[in-house]
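This report concerns only the one structure given below.
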Number of protein chains: 2
Amino acid sequence: MMGEETPKARKPRADQLRNRERLLEAAREVFRGEGGSLEEVARRAELGIGTLYRHFPTREALFQAVYAREVEVLERRAAEDGLKDWMQAVLQMMATKKGMVAALAPVFEPESSFFSDQSLRIRAAVAALHARAVEEGAVRPDVTSDDLMRVLMALGYGPGADPARADLLLEVFLDGLRPR
Amino acid sequence: MMGEETPKARKPRADQLRNRERLLEAAREVFRGEGGSLEEVARRAELGIGTLYRHFPTREALFQAVYAREVEVLERRAAEDGLKDWMQAVLQMMATKKGMVAALAPVFEPESSFFSDQSLRIRAAVAALHARAVEEGAVRPDVTSDDLMRVLMALGYGPGADPARADLLLEVFLDGLRPR
DNA sequence: TGCAAAACGGAGGCACCCTCCGTATTAATG
DNA sequence: CATTAATACGGAGGGTGCCTCCGTTTTGCA
C-alpha cells in the first residue's frame, strides 16, 4: 500500500516543547517539598492549569515525567549494587525528593500498572536484586521483593519517617532479614 | 474569700451532650475507612459543620476523642506485654482503624504535643517497654523508643502497607533488633 | 499571506477546609 | 409558668485544590 506507517508527521509546535520544559522545571521545584499542588506548579510555570493537564493528564503522569531520570538510575544500580547499597541509595533519594513516592507508589496499585511502565521496570529490577540476595543467603525466602519495596517506602515516607534515622533502621531490618 | 474555686457551674445543656455523642458515633464510622472528610462526619451526624468544629476545634481533637479508648488499651498493655506482643497488637488495631494514625502521629510533631496528652502517655508507655527490652538484651541500645514507634507507623500506614505482610515484616525487624 | 490544526488559558462546577455571627434552644430564676 | 441571659446550633461565605470544557490565540505549512 502507499500509506507508510508514519503518515504525515507535522513538526511539533515550538510552544508545546517549551511549555513542557517549563512545567517539568516548575514541578521539580514544587515537589522538592511535600504536598505541592498542581495549580501551584502551573502558577510557578506561569502557564494555565489547562495547559498543565493537557501535557500531563494525570498527577502520576507528571510525577513519572519528573522522576524518569531518577528511576532510571535506580534501575541501573539495581543490576550492579548489592541489596544494602541499593536500598540506601533509594532512601537517600527519597529524602531530598519527597514527591518521588508518587512515582514509586504505583508499584502497589494493580489497576494503575496499566500505564506505569516505570513501576514495572523498578519492580523487575528489585525482583532480580532480591533473587540474588536470597541465593546468597542474605535474605530469608519468605520475604518477597515487594516486601522490600514496602519497607523502603515505609522508612522513607511513613508517618514520622526521619531521614536521620532511616539508615539505622534499614540496617536493623537487613540484619533481621538473614535466614535464621 | 467567698468565691469558691467552682464559682457557679451551670449544668451543661442537653443538646450539647447529645450532639457530641452523635458526632463521635459518625466519626467512628467515617474513620473506619481512610480519607473521610469532616464535612462527611457532620453530614452523617445530621449536624451543621459549625457544630462539629465547636465540639472539636481541630481535626486532631476529633481523632483523639474517637480513639481515646484504644489509646488507653495500648497504654495499659504496654505495661504488661512484651515488646513483640505489644507491637503486634498495635498493628492489628491500625489495620481496622485507619484513622487511628492521626491519633498516634502527633508523637512526632513537637509543636502539637502541647495539647496531645495522649501522645505523651503513649510515648511514656513505649519508653518503658523499650527500656525493659533493652535491659533484657532484646533490643540494641542505639535504637530508640521513638524508632519503635516510627517502625510501627510505617508498617501500618506507609505507602503500600499491607496488613497481611506487616506481621512478617515486624518479625524480621524484631530479629534484627537484637544486639549483634 | 492565509488558514486549518494544535495549543493555550481560565472560567466554572465540585469538594473540602475553617470562621463568623444571626437565630434558636435551654437552664436558671422569680 | 414566664422571662431572660447564657449557650449551642447551623450554614453562608471566603479560601484552596481538583479537573473539564471550550472560545481564543498561536503556529506550521503551503
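All chains are named by letter (A, B, ...) in the order of the sequence lines, taking the proteins before the strands, and each is independently numbered beginning at 1. Keep in mind that the numbers below use all heavy atoms, side chains included, and drop hydrogens, waters and symmetry copies.
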Which pair of non-hydrogen atoms, one from A/Leu24 and one from A/Ala65, has the smallest distance, and what is that distance? CD2-CB, 3.8 Å
Non-hydrogen atoms of A/Thr51 and A/Leu23 that approach each other most closely: O-CD1, 4.3 Å
Gap between atoms [atom1] and [atom2], on [X] and [N] respectively (whole Å):
X: A/Arg20; N: C/dC8; atom1: CZ; atom2: P; result: 12 Å
X: A/Leu52; N: C/dA11; atom1: CG; atom2: C1'; result: 17 Å
X: B/Asp15; N: C/dT23; atom1: CG; atom2: P; result: 19 Å
X: B/Leu62; N: C/dC18; atom1: CG; atom2: P; result: 11 Å
X: A/Leu17; N: D/dT26; atom1: CG; atom2: C1'; result: 15 Å
X: A/Arg18; N: C/dC8; atom1: CZ; atom2: C1'; result: 11 Å
X: B/His55; N: C/dC18; atom1: NE2; atom2: P; result: 17 Å
X: A/Asn19; N: C/dC8; atom1: CG; atom2: P; result: 5 Å

Quick check for you: among C/dT26, C/dG9, C/dT19, whose closest atom lies nearest to any side-chain atom of B/Tyr53? C/dT19
Minimum-distance nucleotide to A/Lys11 side chain [options: D/dG28, C/dC8, D/dC19]: D/dG28
Position toward the 5' end of DNA chain C (nearest nucleotide), B/Thr58 or A/Thr51: A/Thr51
Taking N or O atoms only and anything under 3.5 Å, show me the protein contacts with nucleotides 22-24 of chain D, one pair per line.
none

Taking only residues at least two apart or on different chains, which pairs with a member in residues 43-52 of chain A satisfy salt bridge (Lys or Arg N to Asp or Glu O under 4.0 Å)? A/Arg22-A/Glu46, A/Glu29-A/Arg44, A/Glu40-A/Arg43, A/Glu40-A/Arg44
Applying salt bridge (Lys or Arg N to Asp or Glu O under 4.0 Å), which residue pairs with at least one partner in residues 152-170 of chain B are found, sequence neighbours left out? A/Asp147-B/Arg165
For B/Glu25 and B/Arg28, run salt bridge (Lys or Arg N to Asp or Glu O under 4.0 Å): C-alpha distance rounded to whole Å, both residues' side-chain angles, the deciding distance at 0.1 Å, then the answer. CA-CA 5 Å; B/Glu25 182 53 33; B/Arg28 262 187 284 270; 3.7 Å; yes
I would like to know whether B/Asp146 and B/Arg123 meet salt bridge (Lys or Arg N to Asp or Glu O under 4.0 Å); could you show each step before the answer? CA-CA 8 Å; B/Asp146 275 4; B/Arg123 203 194 190 92; 3.0 Å; yes
Could you tell me if the side chain of A/Phe31 sits less than 4.5 Å from the side chain of A/Met100, heavy atoms only? no
Kindly give the atom pairs (protein nitrogen or oxygen, nucleotide nitrogen or oxygen) under 3.5 Å for nucleotides 13-17 of chain D.
| unit_1 | atom_1 | unit_2 | atom_2 | d |
| --- | --- | --- | --- | --- |
| D/dG17 | OP2 | A/Arg43 | NH2 | 3.0 |

Under 3.5 Å, is there a donor-acceptor pair between the side chain of A/Tyr157 and the main chain of A/Lys98? yes
Take nucleotides 2-7 of chain D nucleotide by nucleotide from the 5' end and write B, S or -, depending on whether a protein heavy atom sits under 4.0 Å from the base, only from the sugar-phosphate, or from neither. ----BB
So A/Ala14, base contact, sugar-phosphate only, or nothing? Heavy-atom distance under 4.0 Å. sugar-phosphate
Measuring from atom CZ of A/Arg121 to atom CD of A/Glu75, what distance do you get when rounded to the nearest 0.5 angstrom? 4.0 Å
Between atom CG of A/Leu152 and atom CG of A/Leu104, what is the distance when rounded to the nearest 0.5 Å? 8.5 Å
Using atom types as modelled, flag every donor-acceptor pair under 3.5 Å from a side chain in residues 128-138 of chain A to any protein atom, sequence neighbours excluded.
| unit_1 | atom_1 | unit_2 | atom_2 | d |
| --- | --- | --- | --- | --- |
| A/His130 | NE2 | A/Val143 | O | 2.7 |
| A/Arg132 | NH1 | A/Asp81 | O | 3.3 |
| A/Arg132 | NH2 | A/Ala78 | O | 2.6 |

Please say whether more than 12 non-hydrogen atoms of neighbouring residues, nucleotides or ligands are located less than 6.0 Å from CD in A/Glu34. no
